[in-house]
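These notes concern the structure reproduced below.
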Amino acid sequence: MKAAVWHGPRDVRVDKVEDPKIQAATDAVIKVTSSAICGSDLHLYEILSPFMTEGDILGHEPMGIVEEVGPEVTHIAPGDRVVIPFNISCGHCWMCDRQLFAQCETTQNREEEKGASLFGYTKMYGQVPGGQAEYLRVPQAQFGPIKVPEGPPDDRFLYLSDVLPTSWQAVEYAAIPEGGSVAVFGLGPIGQMTARIAAHRGARAIGVDLVPERLALAEKHGIETLNLEEHDDVSETIREMTEGRGTDAAIDAVGMEAHGAPVGEFAQKAAGLLPDAVAEKLIEKAAIDRMSALYACFDTVRRGGTVSISGVYGGMVDPIPMFQLFDKGVQLRMGQAHVKRWTDEIMPLVSDDADPLGTEDLASHKIGIDEVPDAYEKFQKKEDGAIKFVIQP
Ligand SMILES: NC(=O)c1ccc[n+]([C@@H]2O[C@H](COP(=O)([O-])OP(=O)(O)OC[C@H]3O[C@@H](n4cnc5c(N)ncnc54)[C@H](O)[C@@H]3O)[C@@H](O)[C@H]2O)c1
Ligand SMILES: [Zn+2]
Ligand SMILES: [Zn+2]
């Protein structure tokens with residue numbers, strides 16, 4: 001089959017690789033019909049290269065048709081239409097019993113001191129071949145795959161794999177009071193859906209980004225927006241919009257590659273030039289993240305409010321303004337999305353013919369598998385109106 005394979009920093013190619021096979025009684029194999037590229041893949045494309053291995057198959061946002069199942073997989077059968085959550089969880093361990101699926105103890109990566117395995121996401125997270133491919137082996141398929149109805153287009157359900165549950169969790173963790181307000185930093189796919197979900201649930205959502213077409217898409221969905229580049233101090237602007245207090249919650253949907261953090265950017269570039277073994281230590285033990293979006297969240301949230309972080313960070317000693325957080329009395333929540341914790345709540349919205357979350361206009365590009373290398377480049381540079389690439393292999 002063909003698959004998107006990582007060969008080096010900014011070097012993704014489409015290779016012919018072996019078709020995946022059932023290896024365990026709890027496996028399934030699916031034929032991929034749609035598979036998205038995520039902002040998280042961009043971290044692997046360059047900054048997190050030291051954790052990648054040449055030959056890794058990328059991708060963690062797939063859906064498709066079941067080809068084959070192992071004997072212990074009974075809730076799905078060949079021919080079923082399924083979405084695959086990005087975290088691989090067993091559904092029956094101590095963590096899964098508490099719906100903390102991103103921390104599943106069956107697939108946890110203890111040697112790496114990391115949580116549950118993820119599709120296509122480095123040796124830290126199990127080095128499981130990913131879903132930007134024609135076929136995908138799904139471990140723990142007795143639990144993971146979500147059966148979806150026939151009929152509506154893939155776009156309706158595809159984002160149940162990551163974008164929608166991540167955004168839903170970001171809003172849950174933000175603990176916005178009834179009729180309250182939230183500032184969403186970053187209007188990539190995660191920020192778009194986070195702002196839409198917050199608004200759908202009755203909050204006033206203010207989105208911040210610096211890419212014109214991303215701001216325009218948010219506005220189309222009724223979100224108030226601020227262009228970072230048009231405000232010297234965006235947090236001050238938001239305070240002015242909220243009776244001087246700031247928003248009840250702030251959500252970081254940007255992560256470690258934020259714009260406007262020159263020191264972090266220098267550290268990331270420097271790490272990229274080092275041998276992998278040294279760079280791995282540097283990234284995990286040092287302050288390597290670009291922190292500007294997170295600092296803006298701390299500044300924007302009102303006293304006694306909540307900051308919810310869905311953007312991915314990887315540094316160990318990133319400087320945190322403890323005085324500011326303590327004095328303002330800020331709650332902080334973060335982490336990988338516990339995908340299946342939220343999908344039952346989201347399902348009625350994506351199944352609704354009115355498509356209230358606007359899933360069908362998120363993808364800016366639909367591409368064949370051969371166009372993947374070009375797509376990564378455009379997505380990283382935010383060229384050609386790139387917001388979300390969906391591969392239809
Ligand atoms: N927690 C999870 O489970 C989970 C799941 C999926 C994605 N993520 C993470 O969420 C983040 C967003 O993902 P995405 O797919 O939307 O990525 P993306 O790269 O498409 O979007 C990030 C957006 O942030 C904007 N931005 C950059 N600097 C900014 C700043 N200082 N202030 C405001 N906006 C700024 C960019 O212009 C871009 O539009 C990434 O870090 C990704 O890894 C986390
Ligand atoms: Zn993703
Ligand atoms: Zn588990």
Side-chain angles (χ1 to χ4, degrees), residues 35-45 47-48 58-62 85-108 115-121 130-131 140 143-144 159 161-167 169-170 173 183-194 207-215 217-218 225-229 231 234-235 251-261 289-297 300 308-314 334-340 362 364 379-380 382 386-389:
S35 194
I37 306 180
C38 179
S40 300
D41 293 322
L42 284 185
H43 307 321
L44 310 181
Y45 189 57
I47 310 298
L48 294 183
L58 295 162
H60 59 265
E61 302 189 355
F86 77 90
N87 29 54
I88 302 173
S89 21
C90 73
H92 56 68
C93 69
W94 194 93
M95 288 290 174
C96 286
D97 282 347
R98 285 154 187 80
Q99 297 189 302
L100 296 167
F101 300 121
Q103 309 295 348
C104 172
E105 290 184 339
T106 305
T107 74
Q108 246 181 44
S117 289
L118 310 175
F119 286 99
Y121 220 79
Q140 304 296 332
F143 178 68
Y159 306 117
S161 57
D162 179 342
V163 174
L164 286 172
T166 297
S167 303
Q169 178 170 303
Y173 281 10
V184 179
F185 285 84
L187 292 171
I190 301 295
Q192 296 288 338
M193 284 303 179
T194 300
V208 183
D209 203 300
L210 57 154
V211 180
E213 57 272 16
R214 294 179 180 220
L215 291 159
L217 182 61
T225 64
L226 293 171
N227 185 336
L228 194 64
E229 304 210 291
H231 299 271
V234 82
S235 303
I251 295 177
D252 179 339
V254 180
M256 63 169 84
E257 295 189 50
H259 173 87
D289 294 315
R290 299 193 221 156
M291 302 284 284
S292 47
L294 188 56
Y295 291 160
C297 287
T300 302
S308 162
I309 310 172
S310 47
V312 170
Y313 288 91
M334 67 192 87
Q336 212 80 259
H338 303 292
V339 174
K340 286 195 84 171
L362 189 63
S364 54
F379 188 36
Q380 190 193 37
K382 301 187 172 51
I387 294 176
K388 189 76 173 171
F389 283 89

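Computation of the quantities below employed the complete heavy-atom set of this structure, encompassing side-chain atoms and omitting hydrogens, waters and symmetry-equivalent molecules. Atoms within a ligand are numbered from 1 in the order they appear, just like the ligands themselves.
Contact detail for D41 and G59: the closest heavy-atom pair is OD1-N, 4.2 Å. The minimum heavy-atom distance linking I309 with L294 is given by the pair CD1-CD1, 3.5 Å. Summarising the geometry of S310 relative to A170, their closest heavy-atom pair is OG-CB, 4.0 Å, with the distance given to 0.1 Å. Contact between K340 and P85 at its shortest, heavy atoms only, is CG-CG, 4.0 Å. Listed here is the closest heavy atom pair of Y173 and S308: CB-OG, 3.6 Å. K388 and A36 get closest at one heavy-atom pair: CE-CB, 3.6 Å.
Using a 4.0 Å cut-off to heavy atoms of D162, the atoms of ligand 1 that qualify are 5 (C), 6 (C). Of all the atoms in ligand 1, the ones that sit under 4.0 Å from a non-hydrogen atom of S292 are 31 (N). Shown in contact with V208 at under 4.0 Å from a heavy atom are these atoms of ligand 1, numbered in order with element: 33 (C), 34 (N). Applying the 4.0 Å criterion to heavy atoms of S40 picks out, from ligand 1, the atoms 6 (C), 7 (C), 8 (N), 9 (C), 42 (C), 43 (O). Counting atoms of ligand 1 from 1 in the listed order, those under 4.0 Å from a heavy atom of F86 are 3 (O). Every atom of ligand 1 is numbered from 1 in the order shown, and the set under 4.0 Å from a heavy atom of F379 is 20 (O). With ligand atoms numbered from 1 in the order given, ligand 1 contributes 18 (P), 20 (O), 21 (O), 38 (C), 39 (O) to contacts under 4.0 Å with heavy atoms of R214.
Counting heavy atoms from C-beta on, the side chains of H92 and T106 come closer than 4.5 Å. Counting heavy atoms from C-beta outward, M256 and L48 have side chains that approach closer than 4.5 Å.
Of the heavy atoms in K382, only side-chain atoms (C-beta onward) come closer than 4.0 Å to ligand 1. Only backbone heavy atoms of A253 (N, CA, C or O) come within less than 4.0 Å of ligand 1; its side chain stays farther off. Under 4.0 angstrom from ligand 1, there are no non-hydrogen atoms of M256.
Among D209, L294, V234, the residue whose heavy atom lies nearest to atom 37 (O) of ligand 1 is D209. The option with the heavy atom closest to atom 30 (C) of ligand 1, from among N87, L228, L44, V339, is L228. Looking at G255, G39, S310, G207, it is S310 that brings a heavy atom closest to atom 9 (C) of ligand 1.
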Step-by-step side chain to side chain contact (heavy atoms under 4.5 Å, CB included) determination, H338 to Q103: CA-CA 8 Å; H338 303 292; Q103 309 295 348; 4.2 Å; yes
Quiz item: Step by step, would you call V163 with I190 a side chain to side chain contact (heavy atoms under 4.5 Å, CB included)?
Solution: CA-CA 6 Å; V163 174; I190 301 295; 4.2 Å; yes
With ring-ring contact (aromatic ring centres under 6.0 Å, His included) as the criterion, how do F143 and F101 come out once you've worked through the C-alpha distance, each side chain's angles and the decisive distance to 0.1 Å?
CA-CA 11 Å; F143 178 68; F101 300 121; 5.2 Å; yes
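The structure places CE of M95 at 7.5 Å from SG of C93, a figure rounded to the nearest 0.5 Å. To the nearest 0.5 angstrom, D162 atom CG is 8.5 Å from N87 atom CG. We find the CG-CZ distance between D209 and R214 to be 6.5 Å, quoted to the nearest 0.5 Å. Taking OG of S35 as the start and NE2 of H60 as the end, the distance is 9.0 Å to the nearest 0.5 Å. Atom CZ of F185 is separated from atom OG of S235 by 5.0 Å, given to the nearest 0.5 angstrom. Rounding to the nearest 0.5 Å gives a distance of 8.5 Å between OH of Y159 and CD of E61.
Polar contact with ligand 1: absent for I387 (N/O pair, distance under 3.5 Å). Of the N or O atoms in V254, one or more lie within a sub-3.5 Å distance of an N or O in ligand 1. For ligand 1, the polar-atom distance check against V312 finds a nitrogen or oxygen pair separated by under 3.5 Å. Checked by distance only, ligand 1 and V211 stay at 3.5 Å or farther apart across all their nitrogen or oxygen atoms. On a distance-only criterion, A337 and ligand 1 share at least one N/O pair closer than 3.5 Å.
Of all protein N/O/S atoms, those lying under 2.8 Å from the Zn ion (ligand 3) come to 4.
Geometry about the Zn ion (ligand 2) gives an angle of 90° between SG of C38 and OE2 of E61, rounded in steps of 10 degrees.
At least one N/O/S atom of D162, from backbone or side chain, sits under 2.8 Å from the Zn ion (ligand 2).
Nearest to the Zn ion (ligand 2), among the N, O or S atoms that H60 has, is NE2.
Residue A170 places every heavy atom at 4.0 Å or more from ligand 1.
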